[in-house]
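One structure is given here, and the rest of the page talks about it.
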Amino acid sequence: MAKVQLQGVRKVYDNGQVAVKDATFEVADGELMVLVGPSGCGKSTLLRMVAGLEEISGGTLTIGDRVVNDVAPKDRDIAMVFQSYALYPHMTVAENLAFGLKLRGHDKATIDKRIAEAAQTLGLTEMMDKLPKAMSGGQRQRVALGRALVREPAVFLLDEPLSNLDAKLRHSVRTEIAQLHRKLGTTMIYVTHDQVEAMTLGQRIVVLKDGIIQQIDTPMALYDRPANLFVAGFLGSPAMNVLRGTLQGDAGGVTVVDGEWRAPLGQATIDPAWLQKSIAVGVRPEHLQPAGADDTHAFTARIEGIEPVGNEIFVNLSSGKHALTMRVAPQSLPGVGEDIRVAIHPQGLHFFDAETGERL
């Protein structure tokens with residue numbers, strides 16, 4: 001096992017495009033760190049630089065106690081699992097698992113021992129004689145994981161390994177990866193564009209946008225205290241609602257005002273310097289609720305759609321210029337096209353600068 005340190009790591013292509021700008025963070029020994037962001041944000045490029053598959057344009061990359069900027073991929077003591085399974089179709093599971101070890105000159109006893117251990121860990125023992133074409137997508141991805149596992153590397157790198165699986169398989173293989181990490185305690189860096197994967201797998205998460213790190217923290221810290229509007233909107237499903245307008249306040253509480261439209265926020269805790277300024281107020285869908293009869297801090301919204309998903313309901317709303325989503329427990333609601341009074345929990349509010357998007 002080993003820690004991974006990036007200090008000011010950059011990637012600039014020959015055409016001048018900056019794919020990664022000044023990435024600085026440390027993945028602790030035994031940590032599962034997730035890199036997340038939309039397509040084109042630089043997360044896979046960053047992972048490929050750690051793997052040695054992309055040349056580093058600037059900065060320092062350290063694995064363990066060794067600077068590896070100019071070290072060949074095969075000498076970095078890493079193993080990588082790709083989005084495509086990349087299994088040899090004419091080889092059995094056992095042969096796929098053994099192939100890399102044979103190339104590295106390991107003896108038969110070592111190969112047999114490592115393969116047996118990996119097969120036991122990943123539930124592949126009964127499939128060792130199967131060819132990839134006779135296996136499901138989830139089983140093939142487990143073989144790809146096993147091929148990395150038998151290497152016994154210091155660092156695992158996983159580049160969107162679940163993208164080719166359907167929703168049910170993604171959930172089961174995601175659970176297997178989390179269990180595998182807990183069992184092995186190996187350093188892992190995991191790339192995904194799926195915020196659900198990031199939130200459920202990562203011990204810490206690096207959020208990227210346009211090659212720039214936006215925030216690094218634990219999943220719940222990112223959810224509860226996003227550093228800016230991008231992080232607030234990217235993490236969370238459904239996404240955080242954003243109310244834009246001027247912040248006004250009096251003895252009755254705080255209100256967001258946009259022309260004739262008003263949304264009372266109740267006794268929210270704010271800095272008085274924010275009053276009379278253009279602001280963006282973030283509120284998670286679970287912090288919007290149908291207002292009670294005696295709730296004076298509420299605003300009117302029109303129901304545009306109702307999505308029952310079993311144990312909860314997503315209610316799509318419009319109010320003024322704002323499209324909102326409310327998450328509620330199953331209950332009786334007005335119909336689509338009708339108005340509803342909506343209350344905001346003031347404890348669940350997030351305040352951002354309307355121009356920069358940065359948290360206030």
Does [X] use its side chain to pair, donor to acceptor, with the backbone of [Y] at less than 3.5 Å?
X: N96; Y: T92; result: yes
X: N69; Y: G59; result: yes
X: R244; Y: V281; result: no
X: K11; Y: E55; result: yes
X: T110; Y: H106; result: no
X: D258; Y: W261; result: no
X: T24; Y: Q7; result: no
X: T187; Y: G30; result: yes
X: H297; Y: A343; result: no
X: T255; Y: R262; result: no

For [X] against [Y], the heavy-atom pair lying closest together:
X: I344; Y: L349; result: CG2-CD2, 3.5 Å
X: L87; Y: R140; result: CD1-O, 3.8 Å
X: I313; Y: P330; result: CD1-CA, 3.6 Å
X: G58; Y: I56; result: O-CG2, 3.1 Å
X: A291; Y: A298; result: CB-CB, 3.7 Å
X: I111; Y: L101; result: CG1-CB, 3.8 Å

Classify the side-chain pair [X]/[Y] by whether it contains a donor and acceptor separated by less than 3.5 Å.
X: T200; Y: R174; answer: yes
X: E197; Y: T192; answer: yes
X: Q289; Y: H345; answer: no
X: E31; Y: Q203; answer: no

Mind checking the [atom1]-[atom2] spacing from [X] to [Y]? Nearest 0.5 Å is all I need.
X: L158; Y: Q141; atom1: CG; atom2: CD; value: 8.0 Å
X: I189; Y: L32; atom1: CD1; atom2: CG; value: 9.5 Å
X: S319; Y: E304; atom1: OG; atom2: CD; value: 10.5 Å
X: D217; Y: Q214; atom1: CG; atom2: CD; value: 14.0 Å
X: L6; Y: T60; atom1: CG; atom2: OG1; value: 9.5 Å
X: L275; Y: I270; atom1: CG; atom2: CD1; value: 4.0 Å

If you group Ile, Leu, Val, Met, Phe, Trp and Tyr by side-chain heavy-atom gaps below 4.5 Å, do [X] and [Y] land in one group?
X: I212; Y: V34; answer: no
X: F299; Y: F351; answer: yes
X: Y190; Y: M220; answer: yes
X: V20; Y: L53; answer: yes
X: M127; Y: Y88; answer: no

Is the number of heavy atoms from other residues, nucleotides or ligands within 6.0 Å of [atom1] ([X]) greater than 12?
X: Q331; atom1: CD; result: yes
X: H322; atom1: NE2; result: yes
X: R66; atom1: CZ; result: yes
X: D14; atom1: CG; result: no

Side chain to side chain, [X] and [Y], heavy atoms closer than 4.5 Å:
X: I303; Y: V315; answer: yes
X: L149; Y: L180; answer: yes
X: K183; Y: T121; answer: yes
X: P285; Y: F314; answer: no
X: M199; Y: I205; answer: yes
X: V328; Y: P290; answer: yes

Regarding R10 and D22, does a basic nitrogen lie under 4.0 Å from an acidic carboxylate oxygen?
yes
Walk me through it: do Q139 and R142 pass the test side chain to side chain contact (heavy atoms under 4.5 Å, CB included)?
CA-CA 5 Å; Q139 290 168 339; R142 292 212 304 263; 4.1 Å; yes
Taking only residues at least two apart or on different chains, which pairs with a member in residues 320-348 satisfy salt bridge (charged side-chain N to carboxylate O under 4.0 Å, His left out)?
E286-R327, R302-D339, E312-R327
Where at least one partner belongs to residues 105-117, residue pairs that pass salt bridge (charged side-chain N to carboxylate O under 4.0 Å, His left out), sequence neighbours excluded:
K108-D112, K113-E117, R114-E152
Please step through side chain to side chain contact (heavy atoms under 4.5 Å, CB included) for the pair F82 and E160, ending with a clear verdict.
CA-CA 7 Å; F82 296 92; E160 304 212 36; over 6 Å; no
Please list, one pair per line, the donor and acceptor atoms closer than 3.5 Å that link side chains of residues 352-360 to other protein atoms, with sequence neighbours excluded.
unit_1: D353; atom_1: OD1; unit_2: E355; atom_2: N; d: 2.8
unit_1: D353; atom_1: OD1; unit_2: T356; atom_2: N; d: 3.0
unit_1: T356; atom_1: OG1; unit_2: E358; atom_2: N; d: 3.2
unit_1: R359; atom_1: NH1; unit_2: P226; atom_2: O; d: 3.1
unit_1: R359; atom_1: NH1; unit_2: H350; atom_2: ND1; d: 3.2
unit_1: R359; atom_1: NH2; unit_2: H350; atom_2: ND1; d: 3.3

Using the ring of each side chain (for Trp, its six-membered ring), is F230 parallel, tilted or perpendicular to F234, with breaks at 30° and 60°?
parallel
With a distance cut-off below 6.0 Å to the six-membered ring centre and an angular limit of 45° from the axis, does R284 pair with Y223 as a cation-pi contact?
yes
Table please: side-chain donor-acceptor pairs of residues 38-49 below 3.5 Å, with sequence neighbours left out.
unit_1: K43; atom_1: NZ; unit_2: G37; atom_2: O; d: 3.0
unit_1: K43; atom_1: NZ; unit_2: P38; atom_2: O; d: 3.1
unit_1: S44; atom_1: OG; unit_2: D159; atom_2: OD1; d: 2.9

Show your working on side chain to side chain contact (heavy atoms under 4.5 Å, CB included) between K21 and I213 and close with a plain yes or no.
CA-CA 8 Å; K21 181 178 180 181; I213 293 175; over 6 Å; no
If you apply the rule side chain to side chain contact (heavy atoms under 4.5 Å, CB included), what do you find for L208 with V206, and how did you get there?
CA-CA 6 Å; L208 289 122; V206 179; 4.1 Å; yes
Going by atom type alone, with no hydrogens or angles, which donor-acceptor pairs under 3.5 Å involve a side-chain atom of residues 246-253 and a protein atom two or more places apart or on another chain?
unit_1: D250; atom_1: OD1; unit_2: G252; atom_2: N; d: 2.8
unit_1: D250; atom_1: OD1; unit_2: G253; atom_2: N; d: 3.4

Can you name the residues that form a side-chain contact (heavy atoms from CB on, under 4.5 Å) with A227, not counting sequence neighbours?
Q215
